[in-house]
Student: 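Quick one: the structure is below, and I'll ask about it shortly.
Naming convention: chains lettered A, B, ... in sequence-line order (proteins, then strands); numbering from 1 in each chain.
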There are 2 protein chains.
Amino acid sequence: MEQATRRATIADVARAAGVSKAAVSFAFNTPERLSSDTVARIRDVASGLDYRPDPVARMLAQRRTWTVGILTPQALDVIFSNPYFGEFAAGVATAAEAAGLAVQFISPLHGSLARAVDRASVDGIIAVGLGADHPEIGQIRRSGIPYVLVDSTALPDEPAILVDDETGAHAAAAHLVNLGHRMFLVIGIEPPSAGAAAEPAWVTSRRLRGYRAAAADAGIAIQDDAVVLGPASMEGGIEAFHQAWAAGLRPTAVLAMSDAMAIGALRAARELGLRVPADLSIVGFDDLDVAQYTDPPLTTVHQPNREKGEEAVRLVTDGGPRRNPLEPAQHQFATHLVVRGSTAVVPPVRQEVPDDKA
Amino acid sequence: MEQATRRATIADVARAAGVSKAAVSFAFNTPERLSSDTVARIRDVASGLDYRPDPVARMLAQRRTWTVGILTPQALDVIFSNPYFGEFAAGVATAAEAAGLAVQFISPLHGSLARAVDRASVDGIIAVGLGADHPEIGQIRRSGIPYVLVDSTALPDEPAILVDDETGAHAAAAHLVNLGHRMFLVIGIEPPSAGAAAEPAWVTSRRLRGYRAAAADAGIAIQDDAVVLGPASMEGGIEAFHQAWAAGLRPTAVLAMSDAMAIGALRAARELGLRVPADLSIVGFDDLDVAQYTDPPLTTVHQPNREKGEEAVRLVTDGGPRRNPLEPAQHQFATHLVVRGSTAVVPPVRQEVPDDKA
DNA sequence: TTGTAAGCGTTATCAG
DNA sequence: CTGATAACGCTTACAA
């Protein structure tokens, strides 16, 4: 992976055009400072030499990289397996392009996120799903690079993108309660590090509070053993549902904290002979594009995945002129329930279903 | 997006530790060249000063960026909407991490791919879906940066990752023919640029050849008006199917060139009151993770999405020691049909279905 | 309008 | 084993 032949440098162009290096630089960056025919001549010579300014040298001189980094505590291959991330990244990419910024991914290098952060040459870091217990957040803070935390627990004065998890979760559970459901299974997202599980600010904790509040309104308690955790993927959802079923749980409704997991649960339920929504209702979270195309279409809590990405870029690039530096640069998006076909009134009598595990 | 306070430089550390800049560099990069207590002292001072080598300066001096770029002719937001890309990127990320490389995305900047390529500071470029008619490929070639073409038509001696589209497509169509189908709708991927549509090497052309060959074996001709093109997304699939239906086409089987489009077709068919596979069979292409979780699970042509990404990184990073420079650095993966639930024998008599459009 | 020269923060070369 | 010193390729005051 070496450069083949030595590329023309600014000095080569200057020499060939009989001007100074500065003139060449001007010809490309601020042509209005040069006479138009000088510019033309320089450009001509440059393209003849196949000259292209070295982006790295320019980064060093300008001390800007024109790049934003998306930081994830998980390896990229697991991250990309959840369509949620793709939608978020699409939002980042949109805003980045508008701002003339490149997008780089920062994920653990040889198992070390810290190393990856050190190697990353970016002007801003968008950290998604980084728990407050991750030491890297301190590292980033110290590095002086602007950053924004997404979907994680931030200090009140720290730039962050959040959504109203509790309200969304509450709406989801309330919907099921209204349909007569009383026996719930909650499928939650397991934290990247074991330590974060107990954190009250971890996303799973926040959503769980919303679920429980709505259930409590109807006098129902969601016990801890009706909450099962797994990775936020379809496989994770399948696994979680089967695990709960094997443990003897017989819910009439599932509250999944991610659409990917909800789709997995859908699949697992079908494998067990349960009809959705006749025998089992399922509510997801995220409102992914695919949620419209599952069968049945998924009832889920909407959050603006792409917009979150776009806003993250804005925040990390100083938020533009409208941002008041006195206010904390946090942005919380609203969530709302989208009712589709995966939820229905509770079955009056539970059907007999194949039950080889319990 | 500026650095907050001036970061400590190697010169600061050298001064504070009473050594030369070179010594500091050694302490981090080749500590074995220094006495162990010198290293310890330098490291100590460095961490006290919160010193971190500037990645950009190091890139310039080493003339390596330790970064691979994934280049796409489409904007990132549309690209990320197709899960196929996520799976491919996951593969790239896996191999990149193993090689200690960062991953950067290169997509049109302010509408110009050329500009984006110029600004990109990468050691290698993985170009996906770049038609042979794209001028950027010449630009890349000239730049001297190693590159590999994925899913596009390459010169025979050009590094490329390909799959056996024709065989896979043939298997898909043959499967349907064997089930008794005679009336097909082909849903193809529209090219990024209009010009590429006619290219015999464009992916849509390649797959279409496979479909047609299998049909021809049974004495069936797939007419041009039974082929409809759209963007490789779920929306694209919905659109395409409705368009065909509105045009009066009444296929018993759909051959979709991407799973995303197949899922869209599934959805559209259901909206029209068609049962899959009872009334309509659908075969996709890609074998995305989600293909297992649709209802019914999708019969599709498997291609190794993640492996393609991994191999692309290997090829662009010189392919390691095993590569013979005399052989063209091309890698063609095999494809095969995966039969799931979305295909069945042709309905003996077409059911009456709602038909408000034709 | 154009040129000169001093950085930018490393790594690499080559004496000591 | 250690330390000056010269690249690396470009931008940007400051001069002319």
Side-chain angles (χ1 to χ4, degrees), chain A residues 2-3 5-43 45-46 49-66 118-123 143-145, chain B residues 2-3 5-43 45-46 49-66 118-123 143-145:
Chain A
E2 326 259 326
Q3 238 71 333
T5 49
R6 204 180 75 79
R7 256 177 28 190
T9 75
I10 199 172
D12 299 327
V13 177
R15 201 176 315 116
V19 296
S20 72
K21 294 196 297 175
V24 178
S25 179
F26 289 151
F28 281 90
N29 300 317
T30 47
E32 60 276 13
R33 294 190 48 178
L34 257 40
S35 75
S36 53
D37 48 324
T38 318
V39 170
R41 185 162 42 93
I42 294 177
R43 284 242 175 101
V45 172
L49 259 46
D50 232 40
Y51 168 72
R52 162 178 90 99
D54 182 322
V56 175
R58 136 183 302 214
M59 285 179 195
L60 181 61
Q62 291 183 150
R63 281 177 309 173
R64 295 195 72 173
T65 62
W66 298 99
D118 277 348
R119 295 187 79 91
S121 51
V122 296
D123 290 337
S143 78
I145 299 177
Chain B
E2 327 258 325
Q3 237 70 333
T5 49
R6 206 180 72 80
R7 256 178 27 192
T9 75
I10 199 172
D12 299 329
V13 177
R15 199 177 317 114
V19 296
S20 72
K21 295 195 297 175
V24 178
S25 178
F26 287 150
F28 281 89
N29 301 316
T30 45
E32 60 276 12
R33 295 188 50 178
L34 257 42
S35 73
S36 54
D37 49 324
T38 319
V39 171
R41 185 162 42 93
I42 295 177
R43 285 242 175 99
V45 172
L49 259 45
D50 231 37
Y51 168 72
R52 162 178 89 99
D54 182 319
V56 176
R58 136 182 303 212
M59 284 179 195
L60 181 62
Q62 292 183 149
R63 279 176 315 170
R64 294 195 75 174
T65 62
W66 299 99
D118 276 348
R119 295 187 81 90
S121 52
V122 296
D123 290 338
S143 79
I145 299 177

Student: Sugar-phosphate atoms are those with a prime plus P, OP1 and OP2; base atoms are the rest. Using that split, label each nucleotide of nucleotides 11-16 of chain C B, S or - for protein heavy atoms under 4.0 Å, 5' to 3'.
Tutor: BB----
Student: Between D:dC8 and A:Thr9, is there an OP1 or OP2 to side-chain N/O distance shorter than 4.0 Å?
Tutor: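 Result: no.
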Student: Atom CZ of A:Arg15 and atom C1' of C:dT2: how far apart are they, to the nearest Å?
Tutor: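 In whole Å, C:dT2 C1' and A:Arg15 CZ are 18 Å from each other.
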Student: Rounded to the nearest Å, what distance is computed from the CZ atom of residue B:Arg119 to the C1' atom of nucleotide D:dC10?
Tutor: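 Answer to the nearest Å: 13 Å.
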Student: Could you give the distance from CZ (B:Arg41) to CG (B:Asp37), rounded to the nearest 0.5 Å?
Tutor: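 Taking CZ in B:Arg41 and CG in B:Asp37, the distance rounds to 7.5 Å.
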Student: Within less than 4.0 Å of OP1 or OP2 of C:dT1, is there a side-chain N or O belonging to A:Thr38?
Tutor: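 Indeed not, no polar side-chain atom of A:Thr38 lies that close.
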Student: Is there a side-chain contact between A:Ser20 and the phosphate of C:dG3, meaning an N or O under 4.0 Å from OP1 or OP2?
Tutor: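 Checking C:dG3 against A:Ser20, a side-chain N or O does come within under 4.0 Å of OP1 or OP2.
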Student: Nearest 0.5 Å please: distance from the CZ atom of B:Arg33 over to the OG1 atom of B:Thr38.
Tutor: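 Separation between the atoms: 13.0 Å.
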Student: Measuring to OP1 and OP2 of C:dG7, would you say a side-chain N or O of A:Arg63 lies under 4.0 angstrom away?
Tutor: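 Checking C:dG7 against A:Arg63, no side-chain N or O comes under 4.0 Å of OP1 or OP2.
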Student: Starting from the first five and the last five pairs of the helix from C:dT1-D:dA16 to C:dG16-D:dC1, work out the angle between the resulting helix axes, to 10 degrees.
Tutor: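 That helix has its two terminal axes inclined by roughly 40°.
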Student: Which distance, rounded to the nearest 0.5 Å, do you find between the CZ of B:Arg58 and the CG of A:Leu60?
Tutor: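 These two atoms lie 13.5 Å from each other.
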Student: Would you kindly give the CZ-to-P distance between B:Arg64 and D:dG9, to the nearest whole Å?
Tutor: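 In whole Å, D:dG9 P and B:Arg64 CZ are 16 Å from each other.
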Student: Rounded to the nearest 0.5 Å, what separation is found between the CH2 atom of B:Trp66 and the CZ atom of A:Arg119?
Tutor: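 Those atoms lie 6.5 Å apart.
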Student: Under the 3.5 angstrom rule, does the side chain of A:Arg7 hit a backbone N or O of B:Ser143 as a donor-acceptor pair?
Tutor: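 It does not hold such a pair.
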Student: Hey, does B:Val56 reach any base, or is it just sugar-phosphate, or nothing, if we go heavy atoms under 4.0 Å?
Tutor: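 Touches nothing.
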Student: Taking the side chain from A:Thr65 and the backbone from A:Asp123, do they hold a donor-acceptor pair closer than 3.5 Å?
Tutor: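 It does hold such a pair.
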Student: Nearest whole angstrom, please: distance from the C1' of D:dG9 to the CG of A:Asp54.
Tutor: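 That distance rounds to 6 Å.
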Student: Quickly work out the A:Arg41 CZ to C:dT1 C1' distance and round it to whole Å.
Tutor: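 So the CZ-C1' distance, A:Arg41 to C:dT1, works out to 12 Å.
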Student: Between C:dC8 atom P and B:Asp12 atom CG, what is the distance in whole Å?
Tutor: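 Answer to the nearest Å: 11 Å.
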Student: According to side chain to side chain donor-acceptor pair (under 3.5 Å), does anything in residues 17-26 of chain A pair up with another residue at least two apart or in another chain? List the pairs.
Tutor: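 Qualifying pairs: A:Ser25-A:Asn29.
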Student: Is the side chain of A:Thr9 donor-acceptor paired with the backbone N or O of A:Ala11 at a distance under 3.5 Å, no angle test?
Tutor: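 Such a contact is found between A:Thr9 side chain and A:Ala11 backbone.
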Student: Tell me: CG of B:Leu34 to P of D:dG3, nearest whole Å?
Tutor: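 So the two atoms are 8 Å apart, to the nearest Å.
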Student: Under 3.5 Å, is there a donor-acceptor pair between the side chain of A:Arg43 and the main chain of A:Ala27?
Tutor: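 At least one qualifying donor-acceptor pair exists.
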Student: What is the distance, rounded to the nearest whole Å, between atom CG of B:Asp118 and atom C1' of D:dC10?
Tutor: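 After rounding, the gap between these two atoms is 15 Å.
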